[in-house]
Amino acid sequence: MDVRQSEKIFHALESFRIELPSWGFANTGTRFGKFIQPAAATTTEEKFSDAGQVHQLTGVCPTIALHVLWDCPQGLGSTDDIRKFAERYQVLPGSINPNLFQDQEYKFGSFGNPDRAVRQHALQHTKDSIEIARRLHSRDVSMWFADGSNYPGTANIRQRKQWFTEMLKQSHAALSPGQRLLIEYKPFEPAFYHTDIADWGMSLLLSRAAGPQAKVLVDTGHHYAAQNIEQIVAWLLSENMLGGFHFNDRRYADDDLTIGSIDPYQVFRIFHEIHSFEWETGTRADIAYMVDQSHNLKGKIEEAIQTVTMAQQLFSKAALVDHEELSHLQMSRDLVAAESVLQDAFNTDVRPTIHEWRDSKGLPRDPLKAFLESGYIERITKERAAKNSQGITSYA
Ligand code: LRH
Ligand code: MN
């Protein structure tokens, strides 16, 4: 590792921040069951406390994403408590995620529901979420819709597109200057015939129609296996429509596994597209890096720390690419040499330099080891086990 490379890694780590999801600290599962962890967080305060541990040990996840119905039990009335938790645990509220998928009336959709009253109910929840974001000084309102259908002929896809356009326009109109709407797409699940916002193009068109503060959110798990996600990222950057990411990994579908656990080169290629865009344009891409995973089996805080440190590694490796050299090799169509520039960067062990960067910040070299030695898990297990033992549920 030469000095130039170390400088590149230090520079990359200085700016890299990633947001953790509150729901990553709670007991979550699949439709086949939920395996209760006695130390899991059930209250919003406990989620802030756990996120605070990860930020204290890594220094790079200063915000926590909140899902309104899961983390704001009193809706707008929860903002005072959340501000207190932010102060107490030194983690700020990050993106605000409305819940437009779990209420009974959303059986046939939210913004896409044929029943106007349900669409209005969904719009009001969105406006409340935007107000919560305003009061918490959160910039992003991140919207995902489960809306769609399960059987051909049961939904008027163009009519629903029209309703989404109207509802997102009205949502955008409720934003304050500086706030953003992030529109997340997903090809399927829970809808298994059509999903109203199924891909990046649909999200881009709806975002453009909504207004200038609406951008596309790319959840890495929301793509068919054969899709080239970094090409989508390159296009969204070129269109100035990339608002942020939900990082996770998958072997099959929206598996929500730990970033880099299945295909670390995928995330490296995404980060490469962003670094090359920033090098070419000399600008900082205005992207919200966020995690969206279901920590169903691993220790939830351990998996969060593993996630953050893996993201730092992959972001640092991608920062090693010599864009001057690469663009020269691309223009001279030297395929093998160009490909090797990426592979050499990816195969570089950046961990020793990351350890030096953590030393320079007074952070533990090995955050996970420091966490396991901190006694935090033992403490919260005692505090929370009884409460969690009531949480055992079954699918049917
Ligand atoms: C949907 C999704 C969305 C969240 C949820 C927790 O699959 O990715 O971002 O609202 O997971
Ligand atoms: Mn997501």
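Just so you know, ligand 1 is whichever comes first in the structure, and atom 1 is the first atom listed for that ligand.
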Do [X] and [Y] have a side chain donor and acceptor closer than 3.5 Å?
X	Y	answer
Q102	W70	yes
Y89	E45	yes
T42	E46	yes

* Asked: Closest approach of A253 and F188, non-hydrogen atoms and distance?
  ->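 For A253 and F188, the tightest heavy-atom pair comes out as CB-CZ, 3.9 Å.
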* For the residue pair D322 and K8, what are the closest heavy atoms and their distance? -> CA-NZ, 3.8 Å
* Structure fact -> If we number the atoms of ligand 1 from 1 as shown, the ones under 4.0 Å from a heavy atom of D219 are 8 (O)
* **ligand 1 atoms in contact with H67 (distance to a heavy atom under 4.0 Å)** =>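 It comes down to these atoms of ligand 1: 4 (C), 10 (O).
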* **Identity and distance of the protein heavy atom lying nearest atom 11 (O) of ligand 1** => D292 OD2, 3.1 Å
* Asked: Closer than 2.8 Å to the Mn ion (ligand 2), which protein N, O or S atoms?
  -> E184 OE2, D219 OD2, H246 ND1, D292 OD2
* Return yes when D254 approaches ligand 1 closer than 4.0 angstrom through a heavy atom, no otherwise. => yes
* Asked: Does the distance from a Lys or Arg side-chain N to an Asp or Glu carboxylate O, for K161 and D196, drop under 4.0 Å?
  ->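 Here K161 does not pair with D196 in a salt bridge, since their nearest N and O are not under 4.0 Å apart.
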* Between F164 and F145, how do the two ring planes meet: parallel, tilted or perpendicular, split at 30° and 60°? ->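 Rings of F164 and F145: perpendicular, as their planes differ by over 60°.
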* Asked: Side chain or backbone of E184 under 4.0 Å from ligand 1, or both, or neither, by non-hydrogen atoms?
  ->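 Side chain only.
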* Have a look at W144, W23, F145 and point out the one with the heavy atom closest to atom 1 (C) of ligand 1. =>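 Heavy atom nearest to atom 1 (C) of ligand 1 belongs to W144.
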* Test of proximity, W70 against ligand 1: N or O pairs below 3.5 Å -> no
* To do: Kindly confirm or rule out an N or O of H246 lying under 3.5 angstrom from an N or O of ligand 1.
  => yes
* Answer with yes or no after comparing the ring centroid distance for Y185 and H223 against a 6.0 Å cut-off, counting only values under it. =>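 Under 6.0 Å, so yes.
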* Pairs meeting criterion salt bridge (charged side-chain N to carboxylate O under 4.0 Å, His left out) with involvement of residues 59-81, two or more places apart -> K47-D71, D80-R83, D81-K84
